[in-house]
2 protein chains.
Amino acid sequence: MDTQIKDVARAAGVSATSVSRVLNNSPHVSEKLEKKVRQAIEQLNYTPSMIAKSLKRNKTNLIGVIIADITSGYQASVLSGIEEECARRGYHLLVSNIKENTKKVMDYLQVFQEMRVDGILLMHGKMNEEIQSFIKRTHIPIIAQADVGFDLPVVTIDNIQAAYDATEYLIRKGHRRIAMLAGDMQDTSEGRHRCQGYIAACKHYGITIDHSLIRYGDYKLDTGYWLMEELLQNRENHSFTAVFAVSDDMAVGAMNRIHDRGLRVPDDFSVISIDGGPMSDIVRPRLTAIHQPVDRITRTVLDLLFERIEPEKYRSELPPSGWVNRIPHDLIEKESCKDL
Amino acid sequence: MDTQIKDVARAAGVSATSVSRVLNNSPHVSEKLEKKVRQAIEQLNYTPSMIAKSLKRNKTNLIGVIIADITSGYQASVLSGIEEECARRGYHLLVSNIKENTKKVMDYLQVFQEMRVDGILLMHGKMNEEIQSFIKRTHIPIIAQADVGFDLPVVTIDNIQAAYDATEYLIRKGHRRIAMLAGDMQDTSEGRHRCQGYIAACKHYGITIDHSLIRYGDYKLDTGYWLMEELLQNRENHSFTAVFAVSDDMAVGAMNRIHDRGLRVPDDFSVISIDGGPMSDIVRPRLTAIHQPVDRITRTVLDLLFERIEPEKYRSELPPSGWVNRIPHDLIEKESCKDL
DNA sequence: CTGAAAGCGCTTACAG
DNA sequence: CTGAAAGCGCTTACAG
């Protein structure tokens with residue numbers, strides 16, 4: 001169907017081997033031959049098949065990305081950065097979109113394995129037996145951009161510290177009754193860590209934990225919205241002046257519920273979140289947040305990944321596998337928190 | 001490196017042919033043989049190589065998607081829907097993210113061609129000579145989710161009518177001085193059509209066009225923000241009471257600039273947009289918009305695409321190629337426009 | 001510097 | 001129902 005290497009060879013009056021050499025910029029190719037080949041390629045409008053090349057070379061230049069929710073602005077911005085850098089290195093992305101549905105992760109890992117991707121990026125922290133066993137078994141390099149809680153290279157902020165910092169920030173502003181919109185406690189250390197950080201900060205400042213101020217959910221906007229409503233409904237018995245949400249999206253959901261109830265941020269409630277992605281600058285008031293340094297995380301993730309995919313090209317002084325890379329975060333003050 | 005079909009064959013004591021038959025659920029396989037093979041597959045943890053299979057079958061089950069900006073909530077929601085439906089049909093997505101940079105389109109089309117994708121989705125309307133010539137030349141099925149303005153199956157709303165309806169809505173609410181945050185006029189019929197619709201509505205209602213109320217840009221939030229600032233600065237000579245933005249993101253940018261200037265939507269300015277994606281429900285006030293029916297567009301795009309990829313499986317009564325499919329839009333009233 | 005030949009891991013007529 | 005063999009479109013020792 002497509003024109004192939006032998007057609008080019010014939011047109012140029014050389015061997016397929018030579019065409020291949022020109023295509024791959026091998027050394028030891030005479031200028032004359034190269035010119036003939038390039039001309040034939042041009043003429044026949046030849047596009048080499050990466051499929052055949054991949055089979056032969058046992059390398060696809062494909063990266064599989066497991067992403068929790070592509071419609072999350074934060075995650076989309078991460079994906080965008082990854083895509084750009086991978087393209088720069090000559091790799092392309094096979095994306096999944098598991099919509100926070102852990103069951104779909106295995107389906108995709110399977111697909112990635114079948115497609116013989118050169119590497120996998122796991123941007124979703126929820127684990128189960130099956131996934132863990134796959135990860136242990138496969139020889140495809142995998143890097144996680146999440147606290148997966150077992151032996152696998154991981155790049156993430158220090159989630160305990162981040163939650164601690166966010167909570168402490170509110171406390172220092174005079175808040176003592178702080179609600180938390182927490183992540184999932186089930187299978188993710190990320191969710192647990194952030195909760196731990198919150199509790200640790202409260203304890204450190206002598207604040208008794210009121211468990212009915214902690215609401216568990218996923219990281220979605222709608223969830224934040226409705227969890228906030230629950231908190232507001234319980235307000236008489238369990239009052240609070242600030243909300244710590246574990247994602248921008250949840251925080252915005254909460255802010256919207258506050259708004260829709262005719263209340264105001266930060267006058268009635270201060271709100272802080274973790275992510276500090278695009279959404280935190282879009283909403284009004286702008287959202288004060290623990291900022292995950294996307295660029296640096298992305299760079300580190302890809303450095304680790306490519307070091308494994310092409311060690312000869314990207315070797316470095318990085319620590320051994322299994323290492324947890326904690327990227328420092330910072331708290332960016334905007335407009336959603338006020339001093340009490 | 002990986003275990004392969006012949007390893008399974010050996011372990012099961014059958015031929016590779018038989019293993020292949022079991023893998024592909026071919027008929028005429030005895031239960032006994034199948035059981036042996038399945039067992040061997042299980043035991044060796046065999047995952048077939050889609051690369052080899054693709055080469056042989058001349059089919060990759062890959063769809064290439066050209067997306068303008070993955071960090072746009074609207075586009076991310078479209079991509080998410082496409083991903084889901086493709087996965088259901090056994091196809092996977094190779095994504096690009098051209099960031100509104102038309103030059104990158106060709107790079108990706110090239111990659112898609114090399115990867116021998118089975119189909120291409122073009123979700124970006126800007127064209128140039130090179131892209132057009134590629135599209136004409138390639139035999140890979142392509143469907144555009146944008147008004148590309150030449151012979152290629154297209155699925156989109158009626159952009160002229162959509163802009164007309166948005167403008168008319170404002171006019172009927174008593175607005176006569178309506179600013180427009182327009183798209184790009186350069187290489188996209190979408191941008192031009194939306195402008196035409198705006199002008200047509202104004203003319204129909206006897207409103208003189210004030211060209212300094214029309215600002216051109218891309219579809220991004222920041223652009224909307226700064227174009228709005230320009231409009232506000234010119235307000236003394238060119239007053240207006242309403243803004244029609246050609247994307248949710250631009251509208252939100254405009255709303256933010258209005259807010260940051262200490263003004264209010266809809267009290268000081270009414271705002272309407274085209275898209276009606278997730279963002280339109282996230283902002284406060286909620287954004288009144290021409291709603292692009294994402295689900296229906298996605299479904300139509302994929303129906304057209306798969307009909308071309310697998311005509312035997314997905315044949316239908318669809319009109320011939322080159323056909324422009326206009327999906328009806330609707331105007332969803334929310335909170336960002338007021339009666340004058 | 002150049003080319004003939006083998007082989008990457010599958011599928012598929014073809015023959016039995 | 002089952003298998004031997006050819007071939008998908010490339011690359012890469014090997015030989016010259």
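Proteins get letters first, then strands, A, B, ... in listed order; numbering begins at 1 in each. Worth knowing before you read on, the calculation uses all heavy atoms, side chains too, and leaves out hydrogens, waters and symmetry mates.
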Chemist: Assuming nearest nucleotide by heavy-atom distance, tell me which of B:A52 and A:V29 is located more 5' along DNA chain C.
Modeler: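 With B:A52 and A:V29 compared, the 5'-side residue is A:V29.
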
Chemist: Starting at atom CE of B:M115, determine the distance to atom P of D:dG9, rounded to an integer number of angstrom.
Modeler: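 For the pair B:M115 CE and D:dG9 P, the rounded distance is 16 Å.
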
Chemist: Set out, line by line, the N/O atom pairs under 3.5 Å between protein and nucleotides 3-7 of chain C.
Modeler:
{"from": "C:dG3", "atom 1": "OP2", "to": "A:S15", "atom 2": "N", "distance (Å)": "3.2"}
{"from": "C:dG3", "atom 1": "OP2", "to": "A:S15", "atom 2": "OG", "distance (Å)": "3.2"}
{"from": "C:dG3", "atom 1": "OP2", "to": "A:S18", "atom 2": "OG", "distance (Å)": "2.7"}
{"from": "C:dG3", "atom 1": "N7", "to": "A:R21", "atom 2": "NH1", "distance (Å)": "3.2"}
{"from": "C:dG3", "atom 1": "O6", "to": "A:R21", "atom 2": "NH2", "distance (Å)": "2.3"}
{"from": "C:dA4", "atom 1": "N7", "to": "A:T17", "atom 2": "OG1", "distance (Å)": "3.4"}
{"from": "C:dA4", "atom 1": "N6", "to": "A:T17", "atom 2": "OG1", "distance (Å)": "2.8"}
{"from": "C:dA5", "atom 1": "N6", "to": "A:T17", "atom 2": "OG1", "distance (Å)": "3.4"}
{"from": "C:dG7", "atom 1": "N2", "to": "A:K56", "atom 2": "NZ", "distance (Å)": "3.3"}
{"from": "C:dG7", "atom 1": "N3", "to": "A:K56", "atom 2": "NZ", "distance (Å)": "3.2"}

Chemist: Using the P atom on both, measure D:dA5 against D:dC1 and round to a whole Å.
Modeler: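 Approximately 23 Å lies between the P atom of D:dA5 and that of D:dC1.
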
Chemist: For the side chain of A:N24, counting heavy atoms from C-beta on, which of C:dT11, C:dC8, D:dT11 is nearest?
Modeler: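 The answer is D:dT11.
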
Chemist: Could you tell me how far C:dT12 sits from C:dG16 if I compare only their C1' atoms? Round to whole Å.
Modeler: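 Approximately 16 Å lies between the C1' atom of C:dG16 and that of C:dT12.
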
Chemist: Rounded to whole Å, how long is the line connecting atom CE of B:M50 with atom C1' of C:dG9?
Modeler: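 Atom-to-atom, B:M50 to C:dG9, this comes out as 13 Å.
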
Chemist: Let me know the distance between CD of B:E34 and P of D:dC1, rounded to the nearest Å.
Modeler: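 To the nearest whole Å, that distance equals 12 Å.
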
Chemist: What is the distance, to the nearest angstrom, from the CD atom on B:Q113 to the C1' atom on D:dG9?
Modeler: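 From B:Q113 CD to D:dG9 C1': 15 Å.
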
Chemist: Judged by each residue's nearest nucleotide on DNA chain D, which is more toward the 5′ side, B:L55 or B:E31?
Modeler: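 The 5'-side residue here is B:E31.
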
Chemist: Let me know the distance between CD1 of A:I51 and C1' of C:dC10, rounded to the nearest Å.
Modeler: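 Rounded to whole Å, this separation is 13 Å.
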
Chemist: Does A:K104 come within less than 4.0 Å of A:D107, counting only side-chain N to carboxylate O?
Modeler: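 No, this pair does not count.
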
Chemist: Would you mind reporting whether B:R116 and B:L55 have side-chain heavy atoms less than 4.5 Å apart?
Modeler: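 Heavy-atom side-chain distance check fails, nothing below 4.5 Å.
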
Chemist: Roughly how far apart, to the nearest Å, are C:dG9 and C:dA13 at atom P?
Modeler: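 Going atom to atom, P in each nucleotide, I get 23 Å.
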
Chemist: Do we see a donor-acceptor contact under 3.5 Å between the side chains of B:Q4 and B:S49?
Modeler: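 Not at all, the side chains of B:Q4 and B:S49 share no donor-acceptor pair under 3.5 Å.
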
Chemist: Could you tell me how far D:dA6 sits from D:dT2 if I compare only their P atoms? Round to whole Å.
Modeler: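 These two P atoms come out 23 Å apart once rounded.
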
Chemist: With respect to the side chain of B:H28, which nucleotide from D:dC1, C:dT11, D:dC10 is positioned closest?
Modeler: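 Taking heavy atoms from C-beta onward, the closest nucleotide is D:dC1.
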
Chemist: Quick one: which of C:dT11, C:dG9, D:dG9 gets closest to the side chain of B:S20?
Modeler: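 Of the candidates, C:dT11 comes closest.
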
Chemist: Between D:dT11, D:dC10, C:dT2, which nucleotide gets closest to the side-chain atoms of A:Q4?
Modeler: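 Among the listed nucleotides, the one closest to the side chain of A:Q4 is D:dC10.
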
Chemist: Are A:Y74 and A:Y219, when compared by the centres of their aromatic rings, separated by less than 6.0 Å?
Modeler: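 Not under 6.0 Å, so no.
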
Chemist: Which one, D:dT12, C:dC8, D:dC10, comes nearest to the side chain of A:Y46?
Modeler: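 Of the candidates, D:dC10 comes closest.
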
Chemist: Atom CG of B:N58 to atom C1' of C:dG9: distance rounded to whole Å?
Modeler: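 In whole Å, C:dG9 C1' and B:N58 CG are 16 Å from each other.
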
Chemist: Could you check whether B:R38 pairs with B:E42 (Lys NZ or Arg NE/NH1/NH2 to Asp/Glu carboxylate O, under 4.0 Å)?
Modeler: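 No, this pair does not count.
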
Chemist: Can you see whether B:D69 engages B:T71 through a side-chain donor-acceptor pair at a distance of less than 3.5 angstrom?
Modeler: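 B:D69 vs B:T71: donor-acceptor pair found between side chains.
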
Chemist: C:dC10 P sits how many Å from A:E114 CD, rounded?
Modeler: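 One finds 11 Å between P of C:dC10 and CD of A:E114, rounded.
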
Chemist: One thing to verify: whether B:E114 and A:K53 come together as a salt bridge, which I'm taking to mean a side-chain N less than 4.0 angstrom from a carboxylate O.
Modeler: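 No, no charged N to carboxylate O under 4.0 Å.
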
Chemist: Side chain of A:S30 only, heavy atoms from C-beta on: which candidate in D:dT2, D:dC10, C:dT2 is closest?
Modeler: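 When the side chain of A:S30 is considered, C:dT2 is the closest of D:dT2, D:dC10, C:dT2.
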
Chemist: Could you tell me how far apart A:R10 (CZ) and D:dG9 (P) are, to the nearest whole angstrom?
Modeler: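 It is 12 Å, rounded to the nearest whole Å.
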
Chemist: Is the closest basic N to carboxylate O distance between A:K126 and A:D147 below 4.0 Å?
Modeler: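 A:D147 and A:K126: not salt-bridged.
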
Chemist: Would you write the dot-bracket representation of DNA chain C, where each base gets (, ), [, ], | or . depending on whether it forms a Watson-Crick or G-U pair under 3.5 Å and with which partner?
Modeler: |||.||||||||.|||

Chemist: How far does NZ of B:K103 sit from CD1 of B:I131, to the nearest 0.5 angstrom?
Modeler: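 So the gap between those two atoms works out to 12.0 Å.
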
Chemist: Has A:N97 got a side-chain atom pairing as donor or acceptor with A:I70's backbone, closer than 3.5 angstrom?
Modeler: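 Looks like yes, one N/O pair under 3.5 Å.
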
